[in-house]
Amino acid sequence: MPRILVNGYGTIGKRIAWAIKRSSDLELYGVVKTRPDYSAHLAHKNGIDIYVPSNEYIKSFEEHGISVKGVLEEALRKVDLVVDATPAKTGAMYKQLYTKYGVKAVFQGGEKHDIVDVSFNSLCNYDEAIGKNYVRVVSCNTTGLLRIICSLHRELGVRRVRAFIVRRGADPKEIKRGPINSIVLDPPTLPSHHGVDVKTVIPWLDITTAAVVIPTTLMHTHYLVIEVEDKANRSRVIEILENTPRILLVDSDKLGVKSTSELVEIARDTSRPRNDYFELLVWAQTITVNGREIVLVQSIHQEAIVVPENIDAIRAMLRLEEDKWKSIEKTDRELGVQHGWLL
Ligand code: NAD
């Protein structure tokens, strides 16, 4: 079985490590940690082998009672692929090392497109990642945009997208980020980088985005205006979304919900692992269709949405599965990713 190392065990890395352990065709070789914090203790307790970037890190782990299996370079000699989930721009520095050991690498959205062969989204361009050495799973916002765009494009032909993005200020565990009392333009010019990032995967699209950051940690929310080639109607759009993997429609009338807080409460009440939504959540009552124009609002759990894409990227790069639908189906079955309607 291919051996996979996860370098960077934070918000994204620990979820990808969990997903690799749940994948029947992948082996989690170990994780690379820099600090002997609670997540290192938990990984250690759960029998995950811990590596550190270099020898000078070992002492602090041993002082905290965590045994270290080895250093990154030793692990790179043994693995088939590394998932780099280190902080933004750190992966670019590690790439040289991965290349030195001839190890394929999946990078995350905080890295630049130009360090990889392909920027990736399973529904949009799985085939382009087959056999590649360096692939970047785009950011949480970009993944959410690409899932909706590529699902509608397959059936109706998308030609133009305008999106307004309301971003969360920090992840729940982060205590040093903000804002705590502001709406911050991100950036104070147009367009925001999100549309540009979408084009790293589907360069043919006419897309412009604007973004603000607000004081919440739970989810991002997008308002989208999508122009399609074929005239559509609301029930057709709902039918397409119902049948697209990794998209969940939210019936706000039926469930009596209108906020990200209530979505998180549903995740808690239904015992989702870590309260995670791997799915893109589309607010059904917002879906409005006027000829060739589709308008909708969607929410994204930023901590989790990229996880299934990371597993598919690994499978494509290692040629474990060349059919994208088979990989998506396997990933979703093994991770419990749903589609259709929430509840
Ligand atoms: P994080 O800060 O939660 O986790 C990064 C981990 O890497 C931390 O545990 C940190 O201690 C460790 N680390 C720091 N320097 C390191 C080094 N030199 N070598 C090895 N490990 C090191 O960050 P995150 O939110 O998981 O983000 C990781 C990547 O995923 C970034 O590219 C980010 O842009 C992207 N991403 C984040 C989110 C999100 O909402 N958090 C969503 C999608 C994509």
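Bear in mind the structure is a predicted one, so any value in this text is a computation, not a measurement. Counting starts at 1 for both ligands and their atoms, in listed order.
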K.L.:
For atom 1 (P) of ligand 1, which of Met93, Lys173, Glu174 has the closest heavy atom?
P.N.:
Lys173
K.L.:
Report the nearest protein non-hydrogen atom to atom 5 (C) of ligand 1: residue, atom name, distance rounded to 0.1 Å.
P.N.:
Ala85 O, 3.6 Å
K.L.:
Could you tell me the residue and atom name of the protein heavy atom closest to atom 31 (C) of ligand 1, and the distance to it rounded to 0.1 Å?
P.N.:
Thr86 O, 3.6 Å
K.L.:
Can you tell me the protein heavy atom closest to atom 37 (C) of ligand 1 and the distance?
P.N.:
Ile12 CG1, 3.5 Å
K.L.:
Look at atom 19 (N) of ligand 1 and find which of Tyr51, Phe107, Tyr94 reaches it with the closest heavy atom.
P.N.:
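Shortest heavy-atom distance from atom 19 (N) of ligand 1: Tyr94.
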K.L.:
Between Tyr29 and Tyr51, what is the ring plane arrangement, given parallel below 30°, perpendicular above 60°, and tilted in between?
P.N.:
parallel
K.L.:
Just checking, is any N or O donor in the side chain of Gln285 or Ser252 under 3.5 Å from an acceptor N or O on the other one?
P.N.:
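The answer is yes; a qualifying pair exists.
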K.L.:
Determine, using ring centers only, whether Trp18 and Tyr9 are less than 6.0 Å apart.
P.N.:
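Ring-ring flag for Tyr9/Trp18: false, centres at least 6.0 Å apart.
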K.L.:
For Glu303 and ligand 1, does the shortest N/O to N/O distance drop below 3.5 Å?
P.N.:
no
K.L.:
More than 12 heavy atoms of other residues, nucleotides or ligands under 6.0 Å from CD1 of Ile183: is that the case?
P.N.:
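Counting other residues, nucleotides and ligands, CD1 of Ile183 stays at 12 neighbours or fewer.
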K.L.:
Starting from atom 33 (C) of ligand 1, which protein heavy atom do you reach first, and at what distance in Å?
P.N.:
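Checked against all protein heavy atoms, atom 33 (C) of ligand 1 sits closest to Gly110 N, 4.0 Å.
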K.L.:
Just to confirm my output: which protein heavy-atom neighbour is closest to atom 16 (C) of ligand 1, and how far is it?
P.N.:
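For atom 16 (C) of ligand 1, the nearest protein heavy atom is Thr34 CG2, 3.6 Å.
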K.L.:
What residues form a salt bridge (charged side-chain N to carboxylate O under 4.0 Å, His left out) with Asp186, not counting sequence neighbours?
P.N.:
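Salt bridge (charged side-chain N to carboxylate O under 4.0 Å, His left out) check on Asp186 returns Arg167.
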K.L.:
Decide whether an N or O pair under 3.5 Å exists between Arg168 and ligand 1.
P.N.:
yes
K.L.:
So, Arg168 versus Thr217: side-chain donor-acceptor pair below 3.5 Å or not?
P.N.:
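Result is no, nothing qualifies.
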K.L.:
Do any non-hydrogen protein atoms sit less than 4.0 Å from atom 3 (O) of ligand 1?
P.N.:
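Neighbour list for atom 3 (O) of ligand 1 includes protein heavy atoms (cut-off 4.0 Å).
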K.L.:
Evaluate Val32 for polar contact with ligand 1, using N/O atom pairs at a separation under 3.5 Å.
P.N.:
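Looking only at distances, the answer is no, because the N/O contact criterion of under 3.5 Å is not met.
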K.L.:
Starting at CD of Gln108, measure out to CG of Asp84 and round the result to the nearest 0.5 Å.
P.N.:
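So the gap between those two atoms works out to 7.5 Å.
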K.L.:
Are Arg162 and Glu227 within salt-bridge range, i.e. N to O under 4.0 Å?
P.N.:
no
K.L.:
Taking distance alone, with no angle check, do Gln108 and ligand 1 share an N/O pair under 3.5 Å?
P.N.:
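No; every N/O pair is 3.5 Å or more apart.
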K.L.:
Is Arg77 paired with Glu74 through a side-chain N to carboxylate O contact shorter than 4.0 Å?
P.N.:
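The answer is no: the pair does not qualify as a salt bridge.
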K.L.:
Give the residue and atom name of whichever protein heavy atom lies nearest to atom 43 (C) of ligand 1, and the separation in Å to one decimal.
P.N.:
Cys140 N, 3.6 Å
K.L.:
Using only heavy-atom distances, determine whether the side chains of Asn141 and His222 contain a donor-acceptor pair under 3.5 Å.
P.N.:
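Short answer, yes.
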K.L.:
Does any N/O atom on Pro87 come nearer than 3.5 Å to any N/O atom on ligand 1?
P.N.:
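Among all N and O atoms of Pro87, none is under 3.5 Å from an N or O of ligand 1.
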K.L.:
Counting only heavy atoms, which portion of Asn7 has something under 4.0 Å from ligand 1: side chain, backbone, both, or neither?
P.N.:
side chain
K.L.:
Purely on distance, is any nitrogen or oxygen of Thr11 under 3.5 Å from one on ligand 1?
P.N.:
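Yes - when backbone and side-chain N and O of Thr11 are compared with those of ligand 1, one distance drops under 3.5 Å.
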K.L.:
Please write down residue, atom name and distance for the protein heavy atom closest to atom 6 (C) of ligand 1.
P.N.:
Gly10 N, 3.7 Å
K.L.:
Does the pair Leu320 and Leu26 meet the rule for a side chain to side chain contact (heavy atoms under 4.5 Å, CB included), with working shown?
P.N.:
CA-CA 10 Å; Leu320 298 175; Leu26 305 175; 3.5 Å; yes
K.L.:
May I ask you to list the atoms of ligand 1 that are less than 4.0 angstrom from any heavy atom of Thr90?
P.N.:
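Every atom of ligand 1 under 4.0 Å from some heavy atom of Thr90: 18 (N).
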K.L.:
Closer than 4.0 Å to some heavy atom of Arg35 - which atoms of ligand 1 meet that?
P.N.:
11 (O)
K.L.:
I'd like to know if Glu322 pairs up with Arg315 as an ion pair, taking the criterion as any Lys NZ or Arg NE/NH1/NH2 lying under 4.0 Å from an Asp or Glu carboxylate oxygen.
P.N.:
no
K.L.:
Suppose we measure from atom 41 (N) of ligand 1 to each protein heavy atom; which comes out shortest, and what is that distance?
P.N.:
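Result for atom 41 (N) of ligand 1: Asp171 OD2, 2.6 Å.
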